[in-house]
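Residue numbering restarts at 1 for every chain, and letters A, B, ... go by the order of the sequence lines. Because only heavy atoms are used, hydrogens play no part in the values below, and waters and symmetry mates are left out as well, while side chains stay in. None of these values were measured; they are calculated from a predicted model.
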Number of protein chains: 2
Amino acid sequence: MKPKKRTTIYDIAEKLNLTASSVSRALNNSSNVNEDTKKLILKTAAEMNYKRNVLASNLRKGESKTIGVVVPRINQNFFSNVIAGIEEMTYAKNFNLIICQSNESHEKEIKCVNALINQHVDCIIISVAAEGNDYTHLKNVIDHGIQLIQFDRVVEDIDTLKIINDNELATLEAITHLITEGYKRIALLEGPQNLDIFKQRKTGYLKALAQHNLPIVEELIIENAWTKELGAEATRKLLSLPEPPDAIFASTSDFSALGVLEVATSMNFKVPGELGILGYANEPFTELTSPSITTIDQFTHHMGKTIATLYFQETQTKDTTIVPRTISIKPKLIIRASTSKSQVI
Amino acid sequence: MKPKKRTTIYDIAEKLNLTASSVSRALNNSSNVNEDTKKLILKTAAEMNYKRNVLASNLRKGESKTIGVVVPRINQNFFSNVIAGIEEMTYAKNFNLIICQSNESHEKEIKCVNALINQHVDCIIISVAAEGNDYTHLKNVIDHGIQLIQFDRVVEDIDTLKIINDNELATLEAITHLITEGYKRIALLEGPQNLDIFKQRKTGYLKALAQHNLPIVEELIIENAWTKELGAEATRKLLSLPEPPDAIFASTSDFSALGVLEVATSMNFKVPGELGILGYANEPFTELTSPSITTIDQFTHHMGKTIATLYFQETQTKDTTIVPRTISIKPKLIIRASTSKSQVI
DNA sequence: ATGAAAGCGCTAACAA
DNA sequence: TTGTTAGCGCTTTCAT
């Protein structure tokens, strides 16, 4: 359906025997308008149900007041919370948010990014898909003079503002907690190592073991176990070893940890007594399982707010590009029953 | 930062000694271009890293290929899944999605809607905030020739396409299940009755009792218990009654049901033996509590896809307005342990 | 304080 | 098949 003809500034001007320029000035609260005419124009505009055509305005001004967000999945707790945080800030600044999901597909990610470039967004905030290693589409963003901000899953090579969690430190702390609780054979379920976040978690794990003079056992490190099903499968293998682990760190997600818990329970391993379980992300459900799952909170909403705040700080004040650097938020270890061997919680 | 000067169709035209029209035609895959020139133009455009300025294109064409979505909260399971469903379809159709959250505030909802009108979106898909009773902002949408689609929380008076769940039928079925299991004093935690969805659930509840000749007991119906905390509070009251209920239907949400479960457990009521618990929405965690919670699944992702599909069907084919009507999706009762008195699951 | 006029980048009707 | 021209609605410089 073609939209009905809308009221334009010309319609208002005509009605008041003025010109579009004056109407525009009044609508933009310019100082060069007589106070009375301004009032009259504003009143008339309201009466005529005038709505500014943002497309035209932006085209003329060469800006869009729009930020694009690309995430793997919008219905994943982590991302929807980050987006909610971003939205809170952008709304306050009268910016629009265009949201896309890559569905973890590199190809779709490229299409999303290009669509956003076409839209002339002012900034693209992205957390990349697990797939993929060619990131020319991100370079392209920068080439088009669009601000690029990466968060969480960032591409090292692409030099932008990056907001990440200090995965390594958080993991180091979490594993140290396990060791303090008396766990000695700690298994690692790792995620795709082309993503930095999973690499960092592995590093943290390795460092913690080293710091406490625990050996690194290859058979306790399982690749790519990042869904509930893969976590379950890995656990079946691990618990069937001649020398099974006494703790499992599902570095990929709480979903994976959930798979671990279910298998452990069904194989009659006592959690936390015989097996400690550590997840990642503080999904709401980790509080509700029995036993509840120890995990790592990433301050998702706060992260979203931080990202947007940084954007506005750096672009609104000065008018230079955002300084590329990495900002690290320290996640918080949430100790729950699944690792509390020494005390009942 | 001002964006760098981008390649326009004039730049391409100049380079090839053609005019902008030809370039435009080639880029739009029009038939009235020589095949060879088209190829040449496409190649050159790619080389020059040309990106269409969608703002200008849309302004000229009077359309925006953009759909706006307004929901109370994007980081709520129900909504983020619906949005994911919508996004899947709109992406396939090359449409953009602008997402706003009202945060359950009527005022913010109005601002969001107006911002979307300014953006000249083609369609607004909305689920209204719990607050508020004046809906002139929605009428305004229609007056501006923008398609309006309501889902889940719909405003009766505003005549649009509405996609809702058959709350009444689902509730009727669920309560009947409770009765079949032998529960006789079934309490209702109801939501704000200015929202149709909660009214319908109440109606379903009343109908089920009537159908089975069970009395309606006023003291078992609790108003406005729609968070975990309020659900817990209501449960404390209910279970302290001289004649406590033998089942509680948290019609507002699974979160409320979770509050019920926690209080019941702490007050040593056996679930499902002494108290049956029924939630609403099939939040992921309902599977994980002990006992797991019987609830109602709303096919959220499917709902989102349906909404978007209907929009494209009705606007792309004919070019009339969407026929206002109500489409009802039947939710599904998910029977779990919290209501399975008669059998162990 | 207001008006005139140009132009953001694109599309489309018309002409050649 | 290609070019010419006008205009979508707005902002902004320059002139009055």
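Below the 3.5 angstrom threshold, one finds a donor paired with an acceptor across the side chain of B:Ser21 and the base of D:dT4. You'll find a donor-acceptor pair under 3.5 Å spanning the side chain of A:Tyr10 and the base of D:dC10, going by distance alone.
Regarding B:Lys51, its NZ atom lies at a distance of 20 Å from the C1' atom of C:dC8, rounded to whole Å. Atom pair B:His144:NE2 and D:dG9:P shows a separation of 14 Å (rounding to whole Å applied). Atom CG in A:Asn32 sits roughly 12 Å away from atom P in D:dT12 (whole-Å rounding). Distance CD1 (A:Ile12) to C1' (D:dG9): 12 Å, rounded to an integer number of Å. For the pair B:Leu55 CG and D:dC10 P, the computed distance is 13 Å after rounding to whole Å. Atom CZ in A:Arg52 sits about 11 Å away from atom C1' in D:dG9, given to the nearest Å. Distance NZ (B:Lys39) to P (D:dT1): 14 Å, rounded to an integer number of Å. Regarding B:Arg25, its CZ atom lies at a distance of 8 Å from the P atom of D:dT2, rounded to whole Å.
If you look at A:Tyr135 and A:His106, their ring centroids are closer than 6.0 Å.
Counted by atom type alone, B:Asn103 and B:Arg73 present one or more donor-acceptor pairs between their side chains at under 3.5 Å. If you check the side chains of B:Asn118 and B:Asn114, you find no donor sitting under 3.5 Å from an acceptor.
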Please step through side chain to side chain donor-acceptor pair (under 3.5 Å) for the pair B:Asp122 and B:Gln147, ending with a clear verdict. CA-CA 6 Å; B:Asp122 295 325; B:Gln147 303 286 357; over 6 Å; no
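Across all strands shown, B:Asn28 has heavy atoms under 4.0 Å from sugar-phosphate atoms exclusively, and none from any base. Nucleic acid contact class of A:Asn17 (heavy atoms, under 4.0 Å, all strands): sugar-phosphate only.
Between D:dC10, C:dA12, C:dC10, one nucleotide has an atom nearer to the side chain of B:Ala56 than all others, and that is C:dC10. With C:dG3, D:dG9, D:dG3 as the choices, the nucleotide that has an atom nearest any side-chain atom of B:Thr19 turns out to be D:dG3. Closest to the side chain of A:Leu18, out of C:dC10, C:dG3, D:dT2, is C:dG3.
Exactly one residue among A:Asp36, A:Asn34, A:Val23 makes a side-chain contact (heavy atoms from CB on, under 4.5 Å) with A:Ile41. That residue is A:Val23.
Put simply, B:Ser24 has no side-chain N or O that comes within less than 4.0 Å of OP1 or OP2 on C:dA12.
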